[in-house]
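Okay, structure first, notes after.
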Amino acid sequence: MKNFQQILNSAKERGPKTIAVAVAQDLEVLLAVSQAKDMGIADAILVGDAEQIAEIAKAINVDLNQYQIIDIKDIHEASRKAVSLVSEGKAHMVMKGLVDTSVVLKAVLDPEIGLRAGNALSHTAVFEVPGYDRFIFVTDAAMNIAPDLKTKKQIIENAAQVAHALDIELPKVAVVCAKEKVDPKMPPTVDAKQLEEMNQQGEIAGCIVGGPFGLDNAVSEEAAVHKGIEHPVAGKADILLVPNIEAGNVLYKSMVFFSNSKNAGVIVGAKAPIVLTSRADSDETKLNSIALAVLMAVKAGK
Ligand SMILES: CCCC(=O)OP(=O)(O)O
């Protein structure tokens with residue numbers, strides 16, 4: 001798949017799945033959920049402040065009779081309830097509503113009700129960028145603060161899983177740093193080379209990993225040629241692994257606010273996909289993310 005229209009079409013064919021929305025009292029969230037419902041992509045259980053949900057739904061003409069609503073005003077409790085619905089098998093995926101990422105993730109990671117599967121959880125964002133003939137994946141913009149080498153390996157594997165769900169069989173992963181040469185004073189460049197070697201030795205499968213790359217020579221073949229970089233990933237990267245959450249979050253929000261990209265985001269590595277965008281993202285982004293999570297759930301056989 002190469003664009004969100006294809007993802008939406010495919011999710012329509014393979015859905016619907018049920019989403020448990022944590023803190024659902026948000027206009028963009030309710031718009032996205034109702035569009036997903038109308039398109040046959042997903043049904044939803046809305047967890048949050050029922051009065052506020054009703055007020056917003058009225059303003060945007062969303063018929064709430066189609067949804068189960070669970071009235072919980074406290075955002076921590078609402079997040080825990082949404083996660084429990086998935087672990088109890090009553091919903092297939094969680095969606096972050098009007099709540100801090102850290103609050104939802106705390107519920108997801110709770111050993112009693114949580115969805116942790118064993119490996120690291122990580123965020124993968126998918127961008128459809130005008131002028132590019134492929135999706136660009138960015139990881140991790142939302143969850144892992146300063147991942148070590150082992151966690152970076154798992155973040156790559158998680159992002160590759162998202163690419164596989166979109167029928168990209170052997171995604172090219174660029175480990176993005178501030179320069180394209182290994183420099184012991186810049187530890188992310190050392191990790192990048194190690195990740196490339198781990199991939200060559202078969203320790204990271206299902207993708208081709210290269211690094212270190214600068215962002216320019218990861219995504220632009222012209223820039224790679226200009227700098228004399230020859231590598232199967234150079235200029236052709238699908239997945240951009242960034243060194244830390246600051247780089248990831250700034251790259252994510254730069255693409256959202258400075259370009260005409262379309263995007264989606266999910267947390268991967270848990271027992272079920274978690275739809276996770278910025279609170280400030282549009283209803284279109286939230287709908288794209290629901291569709292992406294549906295494809296992830298289908299791929300995992302959920
Ligand atoms: C994927 C971005 C996560 C994020 O930054 O969320 P908020 O903007 O809601 O904090």
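In each ligand, atom 1 is the first atom listed, and ligand 1 is the first ligand listed.
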Salt bridge (charged side-chain N to carboxylate O under 4.0 Å, His left out) involving K37 - partner list, sequence neighbours excluded: D43

Note: K193-E196 ion pair, threshold 4.0 Å (strictly below): yes

Residue pair D191, K152: steps toward the salt bridge (Lys or Arg N to Asp or Glu O under 4.0 Å) verdict: CA-CA 9 Å; D191 281 359; K152 284 179 182 172; 2.8 Å; yes

Lys/Arg-Asp/Glu bridge criterion (N-O < 4.0 Å) met for K153, E157: yes

Neighbour list for ligand 1 [protein residues, heavy atom under 4.0 Å]: K96, T101, H123, A142, N249, Y252, K253, S278, R279

Contact summary for R279 and G97, nearest pair of heavy atoms: CG-O, 4.0 Å

Pair F127 and Y132, ring centroids less than 6.0 Å apart: no

